[in-house]
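Hydrogens, waters and symmetry mates are skipped; everything else that's a heavy atom, side chains included, is used. The model shown is predicted, which means the values in this text are computed figures rather than measured ones. Residue numbering restarts at 1 for every chain, and letters A, B, ... go by the order of the sequence lines.
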There are 2 protein chains.
Amino acid sequence: MQYQEAKDKFISTWGSLGSLWGINKAMAQIQALLFISTKPLSMEEIMDELKISRGNTSMNLRQLIDWGIVSKTIVAGERKEFFTTEKDVQELARIVAKERSRREIQPVIKILDEVSSIKDDGSEKTKELIKQTKALHELTETMDAVINKLVNQKQNWITKSVLKFFK
Amino acid sequence: MQYQEAKDKFISTWGSLGSLWGINKAMAQIQALLFISTKPLSMEEIMDELKISRGNTSMNLRQLIDWGIVSKTIVAGERKEFFTTEKDVQELARIVAKERSRREIQPVIKILDEVSSIKDDGSEKTKELIKQTKALHELTETMDAVINKLVNQKQNWITKSVLKFFK
DNA sequence: TTAAACTTTCAATAATTATTGAAAGTTTGT
DNA sequence: ACAAACTTTCAATAATTATTGAAAGTTTAA
């Protein structure tokens, strides 16, 4: 496999994988492109490489910036904006985990808490609803706590966690 | 909040949350309904409760069975099939984690391995592609190993893992 | 202050994904 | 062997989500 083929394969795989880490295809592809680029890229270059429109590029870059994964940089002597992504995979994983917790897990915890707190009217079905949603609430909170614990452990968190598990 | 409202809220929240654990809305809603049901439900009952068609119910039940989350049960004196879901949240989490690893993470690991193994032609861009995809490969493998370690630890794995982390 | 260079917005459209419903298929009791 | 009871399949359709492109908006250099 040559460079170009490997590059295309990586970008398209990462793109279709977006759903795994909760973002859309174009967003994931832009991130992938920046991730293997040796220098900051302009909007023009991103559009050309990925064959996507200006509007699409602009919107998805904004989302990546909102996530904290991509930053604007200035290039000496250039008027247009250039973009770079976080290059350290562990830092990247930390950011993604933190954002998903905030955006998706926390809201669910809130609703599970509400639902599992309804008044027990003594009926079997109410008891079952309370019991099951309480269990889910507890599980979700525990997982979120684990994620946040990991995430706040800046240095080499993955490696550290693995060491703990495998010892 | 009364029973019916809590039930509806739980089912719709769990449904729209499907994407978080990689399944579609109807699938997640069927699972949610079974999860808080006090008895096995027939296809008829599921259709009625969720207001979805027979075809949709049939297809999504099949997928849930493929995932290993739902099982058919026979009810004495009844000709039609009834369905139940795994009621233990930890077991449920184990199954989901295992399936997602198999369906989504493993294939990505394979591709990252291929891409990161291309011949180094000495150019800067090739070096960068190899370096970055290698890092991603390593991270993904590590995470997958952690998931599988957790997943094979049948009893109370969540609690155990938390104890390790917080001590 | 102007106009060229550049970015953002958003209504229209395309692409994708989910859902329906009726026909075909299967199983079971007699 | 038949037909009633039930389930599955799948082409058509609906709903959702992503993408385009051109107009509006912004910034900068002279």
Side-chain angles (χ1 to χ4, degrees), chain A residues 11-34 40-67 70-85 103-104, chain B residues 11-34 40-67 70-85 103-104:
Chain A
I11 289 172
S12 81
T13 303
W14 209 242
S16 57
L17 197 74
S19 61
L20 192 67
W21 49 297
I23 68 178
N24 75 28
K25 200 180 92 183
M27 216 173 135
Q29 290 190 340
I30 293 171
Q31 200 277 327
L33 178 63
L34 293 172
L41 299 179
S42 67
M43 228 169 74
E44 213 71 27
E45 290 170 304
I46 296 170
M47 289 167 56
D48 288 354
E49 286 269 9
L50 302 179
K51 305 272 182 287
I52 59 178
S53 72
R54 186 175 297 283
N56 201 2
T57 309
S58 170
M59 287 175 112
N60 285 107
L61 274 171
R62 176 143 56 100
Q63 284 203 77
L64 284 164
I65 292 169
D66 282 351
W67 271 69
V70 163
S71 345
K72 290 186 182 177
T73 57
I74 39 168
V75 169
E78 289 273 12
R79 184 151 159 184
K80 54 171 151 313
E81 295 172 318
F82 286 76
F83 301 90
T84 52
T85 188
R103 292 166 191 248
E104 297 170 290
Chain B
I11 290 172
S12 81
T13 303
W14 209 242
S16 57
L17 198 73
S19 61
L20 191 67
W21 50 296
I23 67 177
N24 76 26
K25 200 180 92 183
M27 218 174 134
Q29 289 191 339
I30 293 172
Q31 199 278 326
L33 178 64
L34 292 172
L41 300 179
S42 67
M43 227 169 76
E44 214 70 28
E45 291 170 305
I46 295 170
M47 290 167 57
D48 289 354
E49 286 268 8
L50 302 179
K51 306 273 182 285
I52 59 178
S53 72
R54 186 175 298 282
N56 201 3
T57 308
S58 170
M59 288 174 112
N60 285 106
L61 274 171
R62 176 143 56 101
Q63 284 203 76
L64 284 165
I65 291 169
D66 283 350
W67 271 69
V70 163
S71 347
K72 291 186 181 177
T73 57
I74 39 168
V75 170
E78 290 273 12
R79 183 151 160 187
K80 55 170 153 306
E81 295 172 320
F82 286 77
F83 301 89
T84 51
T85 188
R103 293 166 191 246
E104 297 170 290

Which whole-number value in Å describes the distance from [X] [atom1] to [N] [atom2]?
X: B:Asp66; N: D:dT8; atom1: CG; atom2: P; value: 11 Å
X: A:Gln63; N: C:dT8; atom1: CD; atom2: P; value: 13 Å
X: A:Leu61; N: C:dC6; atom1: CG; atom2: P; value: 16 Å
X: B:Ile65; N: D:dT7; atom1: CD1; atom2: P; value: 11 Å
X: A:Lys72; N: C:dC6; atom1: NZ; atom2: P; value: 14 Å

Which heavy-atom pair separates [X] from [Y] by the least distance, and what is that distance?
X: A:Gly18; Y: A:Ala28; answer: CA-CB, 4.0 Å
X: B:Phe83; Y: B:Thr73; answer: N-OG1, 4.3 Å
X: B:Thr57; Y: B:Ile52; answer: OG1-CG1, 3.4 Å
X: B:Thr84; Y: B:Leu34; answer: C-CD1, 4.2 Å

Quiz prompt | Rounded to 10 degrees, the angle between the two terminal axes of the helix from C:dT1-D:dA30 to C:dT30-D:dA1, each from five pairs | solution = 20°
Quiz item: According to the interplanar angle, ranging from 0 to 90°, do the rings of A:Trp67 and A:Trp21 count as parallel (below 30°), tilted (30 to 60°) or perpendicular (above 60°)?
Solution: perpendicular
Practice problem: Have a look at A:Glu44 and tell me which of A:Lys80, A:Arg79, A:Arg54 forms a salt bridge (charged side-chain N to carboxylate O under 4.0 Å, His left out) with it. | Solution: A:Arg54
Quiz item: Which residues satisfy the side chain to side chain contact (heavy atoms under 4.5 Å, CB included) test with A:Met59, sequence neighbours excluded?
Solution: none
Quiz item: For A:Ile46, does its backbone N or O pair with a side-chain atom of A:Glu49 as donor and acceptor, under 3.5 Å?
Solution: no
Quiz prompt | Atom CD1 of A:Ile74 with >12 non-hydrogen neighbours under 6.0 angstrom | solution = no
Quiz prompt | Counterpart residues, side chain to side chain donor-acceptor pair (under 3.5 Å), relative to A:Gln29 (two or more places apart) | solution = none
Quiz item: Can you name the side chain to side chain donor-acceptor pair (under 3.5 Å) partners of A:Arg103, sequence neighbours left out?
Solution: A:Glu99
Quiz item: With the sugar-phosphate defined as primed atoms, P, OP1 and OP2, and the base as all remaining atoms, what B/S/- string results for nucleotides 14-30 of chain D, 5' to 3', for protein heavy atoms under 4.0 Å?
Solution: ----SSBB-----BB--
Self-check item: Close approaches to DNA chain D from residues 40-50 of chain A, in residue order (heavy atom, under 4.0 Å)
Solution: none
